[in-house]
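These notes are about the structure you will find just below.
Computed over heavy atoms, backbone and side chain alike; hydrogens, waters and symmetry mates excluded. Order of the sequence lines fixes the chain letters, A, B, ..., with proteins taken first and strands second; residue numbering starts at 1 for each chain.
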2 protein chains.
Amino acid sequence: MTETAVRRSHFTGEAYSARQNAVLESALALLVEGGERALTTASVARAANCSKESLYKWFGDRDGLLAAMITFQSSKVRAEPRPIGEAGLPALRAQLIGIAANLLRVLAGEVSVALNRLAIGQARRDAADLGHLVLEHGRRPIETRLSALLDAGRDAGLLSFDDTREAYRTLYGLVVRDMHVRLLLGDSLDEWSPSARAEEAIDQFLRLYGAEETTGPASKKAGAGNERTG
Amino acid sequence: MTETAVRRSHFTGEAYSARQNAVLESALALLVEGGERALTTASVARAANCSKESLYKWFGDRDGLLAAMITFQSSKVRAEPRPIGEAGLPALRAQLIGIAANLLRVLAGEVSVALNRLAIGQARRDAADLGHLVLEHGRRPIETRLSALLDAGRDAGLLSFDDTREAYRTLYGLVVRDMHVRLLLGDSLDEWSPSARAEEAIDQFLRLYGAEETTGPASKKAGAGNERTG
DNA sequence: GTGGAACCGTACGGTACGGTACGTAACATT
DNA sequence: AATGTTACGTACCGTACCGTACGGTTCCAC
């Protein structure tokens with residue numbers, strides 16, 4: 001019963017009606033506030049001022065509602081037209097920093113954390129429908145965008161790597177580190193600057209993957225991370 | 001009611017009896033197989049051939065059982081006496097690679113993944129008892145061990161950094177990347193070599209944080225990642 | 001105005017689970 | 001042997017939730 005609901009809302013990529021969007025918004029707020037346990041059909045109906053019957057009519061199932069919440073949220077985060085930057089290492093660096101900071105802000109967002117917790121908590125050893133949905137709608141867009149940028153940098157002679165996917169993953173690791181899992185586990189990151197973190201990470205990445213001639217940003221010391229940015 | 005049980009089993013760090021260990025082992029197997037939903041008190045009692053009354057007598061609560069599972073698993077993973085290595089960059093590199101590979105193997109383990117899923121799924125916006133327990137028993141030991149090694153490397157003039165925690169986090173990011181979250185979300189990492197990944201990550205780390213005189217392992221290209229490791 | 005469709009609010013059935021109680025068997029202690 | 005302890009197995013209770021059904025209301029078409 002789970003598979004059908006998830007698959008249906010996955011393939012029918014059409015957006016939902018305004019009323020349904022409002023219901024999904026209420027459900028997201030409820031999830032952020034109280035976690036999965038607070039996301040009962042009754043509570044969603046009460047919070048959204050709709051009937052349970054409508055919920056089942058629109059989303060088919062509780063799992064269908066969860067899947068709809070994921071796709072709905074990802075559809076909100078999308079957009080952001082890629083500004084095809086002018087060439088040059090500074091421009092590339094600035095674009096990478098921008099995307100990295102954006103990635104950090106998205107990952108640290110309350111709704112994103114709540115949805116990732118939901119998908120992870122629901123995942124089993126064999127099948128993890130919501131997990132795959134999160135990976136596909138949440139991660140893949142950023143990966144394609146970053147990979148395209150990396151390829152462009154390589155084509156321009158600014159970066160040097162063989163496997164784009166490997167380079168992307170290293171970049172991701174340098175930017176995100178263990179922040180995501182810590183957030184998911186409930187660790188609070190008090191005062192923390194995504195843009196500063198993105199800048200440091202991108203500079204480290206450029207030191208690793210920058211073309212030999214233009215070897216990253218001067219000879220900045222590696223351990224120059226400011227204490228207040230932690 | 002949750003807090004008391006968790007806190008009790010958290011502070012009384014003593015190990016459990018052999019029978020209780022067997023019960024916890026059964027519970028872990030059950031969790032690995034079917035996720036949190038399969039971890040009902042009745043199913044645990046049935047799988048472990050014990051009574052529900054004994055469960056509640058030993059662990060106080062269902063949450064107490066969950067907390068006990070985490071501490072029990074971490075107590076198993078511990079051990080591994082640190083071999084205080086001889087000095088020199090190759091020795092440091094080898095030790096770092098060993099710890100990194102061990103970290104990867106632990107994180108990718110079925111039980112670890114299941115417990116992290118459990119703690120993350122249970123985490124709420126405000127309080128995440130199990131999450132903190134996982135962070136404290138699972139992550140902190142590795143962090144202290146790695147940090148001590150990094151400090152030793154700096155004292156020996158092999159590494160260069162100001163903030164040990166920052167260096168550790170960068171190392172962690174280079175080693176783990178997004179592997180952990182992907183695993184938690186249900187992505188399957190088919191054929192994947194922890195030791196190879198650890199070696200690449202440590203070499204990248206040494207290129208970033210190695211002292212200037214001995215700048216890491218030769219001038220190995222950064223993009224040398226093998227395709228099949230993805 | 002009238003019929004119908006969509007939807008809200010609530011109530012209901014069925015089920016599953018957490019937690020407790022009770023009877024009984026095995027084992028240790030004296 | 002008598003007795004107390006521990007723990008197993010099962011039965012039981014209360015509750016919470018999913019999914020459905022039903023009456024009432026609003027809105028639109030004609």
Candidates [options] - which lies nearest the side chain of [X]:
X: B/Tyr56; options: C/dT20, D/dC18, C/dC8; answer: C/dT20
X: B/Lys57; options: C/dC7, C/dG23, D/dT6; answer: D/dT6
X: A/Arg62; options: C/dG18, D/dG19, D/dA7; answer: D/dG19
X: A/Lys52; options: C/dA11, C/dC17, C/dG23; answer: C/dA11
X: A/Asn49; options: D/dC17, D/dC8, C/dG9; answer: C/dG9

Separation of atom [atom1] in [X] from atom [atom2] in [N], rounded to whole Å:
X: A/Leu55; N: D/dA21; atom1: CG; atom2: C1'; value: 15 Å
X: A/Asp61; N: D/dC17; atom1: CG; atom2: P; value: 17 Å
X: A/Arg37; N: D/dC17; atom1: CZ; atom2: P; value: 8 Å
X: A/Arg46; N: C/dT10; atom1: CZ; atom2: C1'; value: 12 Å
X: B/Tyr16; N: D/dT6; atom1: OH; atom2: C1'; value: 19 Å
X: B/Glu53; N: D/dC12; atom1: CD; atom2: P; value: 16 Å
X: A/Leu39; N: D/dA16; atom1: CG; atom2: P; value: 17 Å

Heavy atoms only: give me the nearest [X]-[Y] pair and the separation to one decimal.
X: A/Ala27; Y: A/Leu39; answer: O-CD1, 3.3 Å
X: B/Ala42; Y: B/Lys52; answer: CA-CD, 4.2 Å
X: A/Leu104; Y: A/Pro194; answer: CD1-O, 3.6 Å

*Ignoring hydrogens and angles, tell me if any N or O in the side chain of A/Ser43 forms a donor-acceptor pair with the backbone of A/Ala38 under 3.5 Å.*
yes
Using only side-chain N and O atoms of [X], determine if any of them is under 4.0 Å from OP1 or OP2 of [N].
X: B/Ser54; N: D/dA7; result: no
X: B/Thr41; N: C/dC17; result: no
X: A/Ser51; N: C/dC7; result: no
X: B/Trp58; N: D/dT6; result: no

_Note, B/Leu55 side chain near B/Val23 side chain (heavy atom, < 4.5 Å)_ = yes
*Base, sugar-phosphate, or nothing: which does B/Arg19 touch, judged by heavy atoms less than 4.0 Å apart?*
sugar-phosphate
